[in-house]
Trainee: 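Starting off with a structure, shown below.
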Number of protein chains: 2
Amino acid sequence: MPPASARPRPTLVDVASAAGVSKSLVSLALRGDAGVSERTRERILVVAERVGYRPSLTARTLKQGRSMMLGAVISSLDNPYHTEIVASVEAAAEDSGLSVLLAHGSRDRGRLADRVQQLLDLGADGLVVVSSWVPEEVLVAAARRAPVVMVGRTAEPVSGIDSVNNDDEHGAALVVEHLVARGHRRIAHVTSSTRPAGIARRRGYEAAMRAAGLDDEVRVVAPDPVALGALLDDGTSAVFARNDVEAVDVLDHALDAGLRVPDELAVVGYDDTVLARRARPALTTVQQQRDVMGSRAVALLRERLDGRAEDVHEVLEPRLVVRSSS
Amino acid sequence: MPPASARPRPTLVDVASAAGVSKSLVSLALRGDAGVSERTRERILVVAERVGYRPSLTARTLKQGRSMMLGAVISSLDNPYHTEIVASVEAAAEDSGLSVLLAHGSRDRGRLADRVQQLLDLGADGLVVVSSWVPEEVLVAAARRAPVVMVGRTAEPVSGIDSVNNDDEHGAALVVEHLVARGHRRIAHVTSSTRPAGIARRRGYEAAMRAAGLDDEVRVVAPDPVALGALLDDGTSAVFARNDVEAVDVLDHALDAGLRVPDELAVVGYDDTVLARRARPALTTVQQQRDVMGSRAVALLRERLDGRAEDVHEVLEPRLVVRSSS
DNA sequence: TCGAACATCTGGAACGTTCCAGATCGATGC
DNA sequence: GCATCGATCTGGAACGTTCCAGATGTTCGA
């Protein structure tokens, strides 16, 4: 049953007996405790190295009741927006001496819920959720076990969950204002999303259109070929898509239809992912300060671990990034 | 120090005393052991549910010496090729009742080595490595603690590490043969890679060119603007890029330069990622059976856990996927 | 010279499981 | 009526750490 190669891994006791001291002393020495003489410490370090000792995080976590490890739950590995947030969370965690373990669960709510439980059962000290698909009640329950922060999604008022988000409504308004300033009036919004962020962006679009006196021009369409085809035929001069992925679709569609971008059609996205930079022409889009999101998320978790009880919801101001597609 | 909300989580003992039985019985009941009477089992399940009991994976792992958990190490979250492999590993692991924890470490060798150690220290039963940046000696050492399989990269002969890879040389040859059959002679290879897969693809390209009697046409250039510009000026009629990411760059460059693809320039990639499907025109590329890679990787780990001692290196045959860019 | 203070080290309990060896008890076979 | 058996349950050791309470030995001041 055990692998053929399985020499049982050395423990503190092995190091201790090899060095002729007690296991407690080995533990102290390896953790750099002050009350260990320099000579002994060095001898112990050498022996530990020689026998290939590595501490068991499992045992340590069990004893200490904390793991120095954060869990990150992510639903999509193929949306750069999510993965870039995770990367920024990792960077921030590392600065705090914490490490991050990722659990991935597609858009399957049940599976995502399992992954949340798994991270908690493993002893994660906190959870960063980068997914709008994890059911909120699962997170509320999770928050009773360890601090939870949602990134890119705002939690319900008194759920026990913190959140870091950008102001999607305002971001959408920035886009509309930009297009209006460029002289556009027929500005359509392309979205397929029923997720909170998508809804907020749509609301922001509609409000900004009304504010610009363009109530009659409000037009929301799905990103499917038929709807897009109709859109391009009816004199629409600018399209604001709910995210970069869908903006790129619109772009491709317009170029295939022989339209010149941005002269005949302006296209704007949201998220400022690598897709926007890579697109031809490069996409105008909305930037969400993802690096700040990561570090704020980690900061919020640490505050909770230090005892904060009230929920905190941070909202970051988005910035318009103008490129050549508008 | 402990969070204000911290009610210590219930343990087996709590459930046991609430149900008026021993902790051993609770353990047996929750794990579905046969020797527990139906009546008691049910009572225990109810009580466990009521007090919100969840087993500690940490304690279980410590006691059992195995975690039912695989670790996956990945260096880049933004290359769809890697993330799609991870997704296929996850699917395969789930079928075996194992879960997968991801550790991400960019292209920082030191950090990746740390992540490998962390997964092992946490008790991962096996490691899937989807990164060419983890130093091989780190993996060789890791393989003494738990089975390790590399995906998309072939291990050294007797390292104790298994691998699942595709035949990059053959894949590159397929591309060249396809282009030759289409009448191309000036076929250049675009690559920037010093990684094993990149090198093998280049070797395959060169060999296939020679086999087609095109020794004089062998041309390898870096994917930078200057080199690409020169390439497009000198009558090159087809470009084979080392992966889809770079193929898309070539595509953009060619289109920007006013070339028609595929009429004036054929472009072919490698990996068959979502990028290839999305590109305009859609990219001809090489498919690597990523789903098979994931399930073979998990299968190899399981065999090791069951005692296999010899290294196994699986090589899958790649398939050409012809789309409209060639 | 003696106790105190300090530096250094040790033993054992505890963390929450699993699992082995055995306890308990009613039913069964003879 | 007695040993045996099976079904059901229990106690305690063990996994590899950490950490507390204390042991040991050395040095110092008076």
Side-chain angles (χ1 to χ4, degrees), chain A residues 1-2 6-45 47-48 51-69 118 120-123 125 145, chain B residues 1-2 6-44 47-48 51-69 118 120-125 145:
Chain A
M1 192 75 58
R7 208 179 349 155
R9 67 139 106 182
T11 75
L12 274 185
V13 177
D14 299 320
V15 178
S17 68
V21 295
S22 73
K23 64 177 179 3
S24 309
L25 189 56
V26 176
S27 174
L28 293 173
L30 292 178
R31 281 177 296 144
D33 187 281
V36 179
S37 77
E38 200 46 50
R39 252 171 44 84
T40 346
R41 177 200 313 292
E42 230 150 70
R43 190 159 46 92
I44 291 177
L45 289 184
V47 173
V51 305
Y53 171 77
R54 296 238 87 217
S56 156
L57 292 187
T58 309
R60 178 177 301 179
T61 299
L62 180 60
K63 184 69 206 348
Q64 303 209 125
R66 75 200 142 79
S67 60
M68 291 304 207
M69 182 185 96
Q118 186 194 12
L120 291 175
D121 295 347
L122 257 181
D125 290 339
R145 296 224 266 148
Chain B
M1 193 72 63
R7 206 179 353 153
R9 66 139 106 180
T11 75
L12 274 185
V13 178
D14 299 320
V15 177
S17 67
V21 295
S22 75
K23 64 178 180 2
S24 308
L25 190 56
V26 177
S27 175
L28 293 173
L30 292 178
R31 280 176 297 143
D33 188 282
V36 180
S37 77
E38 202 44 51
R39 251 172 44 83
T40 347
R41 178 201 313 291
E42 230 149 71
R43 190 160 45 92
I44 291 177
V47 173
V51 305
Y53 171 77
R54 296 237 86 218
S56 156
L57 292 187
T58 309
R60 180 181 308 198
T61 299
L62 180 61
K63 183 70 196 16
Q64 304 209 124
R66 75 201 142 79
S67 60
M68 290 303 206
M69 181 188 96
Q118 187 195 10
L120 291 175
D121 295 347
L122 257 180
D125 290 339
R145 295 224 265 148

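In what follows, chains carry the letters A, B, and so on, assigned in the order in which the sequence lines appear, proteins first and then strands, with residues in each chain numbered from 1.
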Trainee: Treating primed atoms plus P, OP1 and OP2 as sugar-phosphate and everything else as base, which nucleotides of nucleotides 10-23 of chain C get B, S or - for protein heavy atoms under 4.0 Å?
Mentor: BBBBBBBBBB----
Trainee: Would you give the length of the straight line joining atom CG of A:Leu25 to atom NZ of A:Lys23, rounded to the nearest 0.5 angstrom?
Mentor: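 Answer rounded to 0.5 Å: 11.0 Å.
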Trainee: Sort out for me which residue in A:Asp14, A:Val15, A:Thr11 forms a side-chain contact (heavy atoms from CB on, under 4.5 Å) with A:Val51.
Mentor: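 So, applying the side-chain contact (heavy atoms from CB on, under 4.5 Å) to A:Val51 and each of A:Asp14, A:Val15, A:Thr11, only A:Val15 qualifies.
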Trainee: Is there a donor-acceptor pair under 3.5 Å between the side chain of B:Arg145 and the backbone N or O of A:Arg9?
Mentor: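 The answer is no, because no donor-acceptor pair under 3.5 Å joins these two groups.
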Trainee: Please tabulate the protein-to-nucleotide N/O contacts below 3.5 Å involving nucleotides 4-6 of chain D, giving atom names and distances.
Mentor:
none

Trainee: Is any side-chain heavy atom of A:Ile44 closer than 4.5 Å to a side-chain heavy atom of A:Val21?
Mentor: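 They are in contact (side-chain heavy atoms under 4.5 Å apart), so the answer is yes.
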Trainee: Counting C-beta onward and ignoring hydrogens, is there a side-chain heavy-atom pair between A:Leu122 and B:Met69 closer than 4.5 Å?
Mentor: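 The answer is yes, as the side chains (C-beta and beyond) meet within the 4.5 Å cut-off.
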Trainee: Does B:Ser27 have any side-chain hydrogen bond (donor to acceptor under 3.5 Å, both in side chains) partners at least two apart in sequence or in another chain, and if so, which?
Mentor: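 Expected list: B:Arg31.
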Trainee: Run the side chain to side chain contact (heavy atoms under 4.5 Å, CB included) test on B:Leu30 and B:Leu12 for me, step by step, so that the C-alpha distance in whole Å, both residues' side-chain angles and the decisive distance to 0.1 Å come before the verdict.
Mentor: CA-CA 10 Å; B:Leu30 292 178; B:Leu12 274 185; 4.2 Å; yes
Trainee: Looking at A:Thr61 and A:Gly123, would you say the former's side chain and the latter's main chain have a donor-acceptor pair under 3.5 Å?
Mentor: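 No, because the side chain of A:Thr61 does not come within donor-acceptor range (under 3.5 Å) of the backbone of A:Gly123.
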Trainee: Would you kindly give the CD-to-C1' distance between A:Glu38 and C:dC9, to the nearest whole Å?
Mentor: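 Checked: the CD to C1' distance equals 16 Å.
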Trainee: When we call it a touch if two heavy atoms are under 4.0 Å apart, what does A:Thr40 touch: a base, just sugar-phosphate, or nothing?
Mentor: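 Sugar-phosphate: the residue A:Thr40, judged by heavy atoms under 4.0 Å, touches backbone atoms but no base.
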